[in-house]
Amino acid sequence: MIAAAEGREPGTTRLTIWVAIVVLLSVVSFVGNLTTDPDENFIYQWTLGVGTLVQDGILLLVVFLLARPWYGTLLAWRPPFSYKRAAGLGAALIGGIYLLTIALSPLFEPGEEQGLVPRELDGDRIAPLVFNSVLIVTFVPLVEELMFRGIGLSLLRRYGDKVAVLGSGLAFAGVHGLVEAVVAFTAFGAGLAYLRLRTGSIWPCIAVHAVFNGIALAVALLVAD
C-alpha cells in the first residue's frame, strides 16, 4: 500500500508514518514518566524484558515494512566505508557523551529519572537481571538504530544532512520521554546520525549504542550497594 501511494521511490508517505510513530511514542513516554515515579528495581522485573521484546519487536516490524524494498539504502544495511574510521569516531562519540553527561550531572540525573539504575544488588533475582541486561545491550540498540539512524535519518535527508542529524537526535530523545536527559539523548542521537553519515553504515551505530548501554549498565551495577 505504501509503495502504491508513492510509486517507485520512497516519499512523503513513509516519512509521515515515521513522524507519527515518533510523536505517539514521545507523548506516551513523556506522560508516563511525568505521571509515575520510576521503580528503582525495575531492572529486576521480568515485565521489563517481556515488554521490551513486544514493543521493540513491533517497532522492528514497522521499520522493515517502511524500508521495503530498499533495505540496503534506507537502513544503511551494509559494511562501513572504513572500519578504522568507524572505530575512531565511535570511541570519540562515547567519550564525548560521557563527558557531557558528567558536565550536566550537577543539574540533571538522567539515570535516576529513567529508573533503570538499581539501588542495591539482589542476588535472588539474577535471572531477570541478566535477561533484561542482555536485551538492553543487544536488542534495544539494534531496534533503536534501525528506527532512528536507519529509516528515520534516510527519510529526513531530503531536507539536508544537518536537518536529518538534528531531527534524528531530537526524535531519539523524544521517544525516551526523559526531561532531564533531553540534552544528552539529543546529543547522543545526533552523534550517532553523524557516525552513520561518515561511515555509510548502520553497524557502527549499533555497536557504539551497545557499548554505551553496556558501560552505563555495568557502572550502575558496580556502584549499587
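Values in this document were obtained by computation on a predicted structure and should not be read as measured data.
Under the side-chain contact (heavy atoms from CB on, under 4.5 Å) criterion, Phe139 pairs with Leu53, Asp56, Leu60, Leu135, Val143, not counting sequence neighbours. Qualifying side-chain contact (heavy atoms from CB on, under 4.5 Å) partners for Gln55, counting only residues two or more places apart in sequence or in other chains: none. Partners of Trp203 under the ring pair (Phe, Tyr, Trp, His ring centres under 6.0 Å) rule, at least two apart in sequence or in another chain, are Trp77. Partners of Val134 under the side-chain contact (heavy atoms from CB on, under 4.5 Å) rule, at least two apart in sequence or in another chain, are Val130, Thr138. Residues passing the side-chain contact (heavy atoms from CB on, under 4.5 Å) test with Val27 are Val23, Val31, sequence neighbours excluded. Residues satisfying the ring pair (Phe, Tyr, Trp, His ring centres under 6.0 Å) test with Tyr98, not counting sequence neighbours, are Phe212. Partners of Thr199 according to the side chain to side chain donor-acceptor pair (under 3.5 Å) rule, which considers only residues two or more places apart in sequence or in another chain, do not exist here.
Side-chain contact between Leu75 and Ile202: absent, with no pair of heavy atoms (C-beta onward) separated by less than 4.5 Å. Contact of the Val63 side chain with the Tyr71 side chain is not registered, since no non-hydrogen atoms from C-beta on lie closer than 4.5 Å. Residues Pro204 and Pro80 form a side-chain contact, since some pair of their non-hydrogen atoms from C-beta on lies under 4.5 Å apart.
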Apply the test side chain to side chain contact (heavy atoms under 4.5 Å, CB included) to residues Phe188 and Val208: give CA-CA distance (whole Å), side-chain angles for both, the deciding distance (0.1 Å), then the verdict. CA-CA 10 Å; Phe188 189 39; Val208 168; 4.3 Å; yes

Begin from the C-alpha positions of Val163 and Arg157 and carry the test side chain to side chain contact (heavy atoms under 4.5 Å, CB included) through to its verdict. CA-CA 7 Å; Val163 172; Arg157 290 188 73 184; over 6 Å; no

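Asn33 places a side-chain N or O within 3.5 Å of a backbone atom of His176 that can act as its donor or acceptor partner.
Pairs engaging residues 162-174 under the side chain to side chain donor-acceptor pair (under 3.5 Å) rule: Arg149-Ser168 [sequence neighbours left out].
The hydrophobic clustering, which links ILVMFWY residues whose side-chain heavy atoms are closer than 4.5 Å, places Leu129 and Val140 apart. Criterion: ILVMFWY side-chain heavy atoms under 4.5 Å apart, direct or through other members. Under it, Phe30 and Leu24 are not part of a common hydrophobic cluster. There is no path of hydrophobic side-chain contacts, each under 4.5 Å, that joins Met147 to Val28.
Taking Ile, Leu, Val, Met, Phe, Trp and Tyr as hydrophobic and joining them when side-chain heavy atoms fall under 4.5 Å apart, one finds Leu197 in a cluster with Leu153, Val165. Residues Leu170 make up the rest of the hydrophobic cluster containing Leu166, defined by ILVMFWY side-chain heavy atoms closer than 4.5 Å, directly or through other members. Hydrophobic clustering, defined by side-chain heavy atoms of Ile, Leu, Val, Met, Phe, Trp and Tyr closer than 4.5 Å, leaves Phe81 isolated from every other such residue.
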Donor-acceptor contacts under 3.5 Å from residues 82-94 side chains, at least two apart:
unit_1 : atom_1 : unit_2 : atom_2 : d
Ser82  : OG     : Lys84  : N      : 3.4
Ser82  : OG     : Arg85  : N      : 3.1
Arg85  : NH1    : Arg198 : O      : 3.0

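Closest approach of Asn132 to Gln45, counting heavy atoms only: ND2-O, 2.9 Å. A pairwise comparison of heavy atoms in Leu59 and Ile21 identifies CD1-CG2, 4.0 Å as the closest pair. When all heavy atoms of Ile136 and Asn213 are compared, the closest pair comes out as O-ND2, 2.9 Å. Nearest approach of Leu66 to Leu74, heavy atoms of both residues: O-CD1, 4.1 Å. For the pair Ser29 and Val175, the tightest heavy-atom approach, listed with the atom from each and the gap, is OG-O, 2.6 Å. The two residues Leu192 and Cys205 come nearest to each other via the heavy atoms O-SG, 3.2 Å.
In this structure, Ile215 CD1 and Ile97 CD1 are separated by 12.0 Å, a value rounded to the nearest 0.5 Å. Atoms CG and CD, on Leu142 and Glu145 in that order, are 9.0 Å from each other to the nearest 0.5 Å.
Taking the six-membered ring for Trp and thresholds of 30 and 60 degrees, Phe172 and Phe185 have ring planes inclined between 30 and 60 degrees apart. Classification of the Trp18-Phe148 ring pair by plane angle, with boundaries at 30° and 60°, yields perpendicular.
Defined by atom type and a distance below 3.5 Å, a donor-acceptor pair is present between the side-chain atoms of Ser154 and Arg196.
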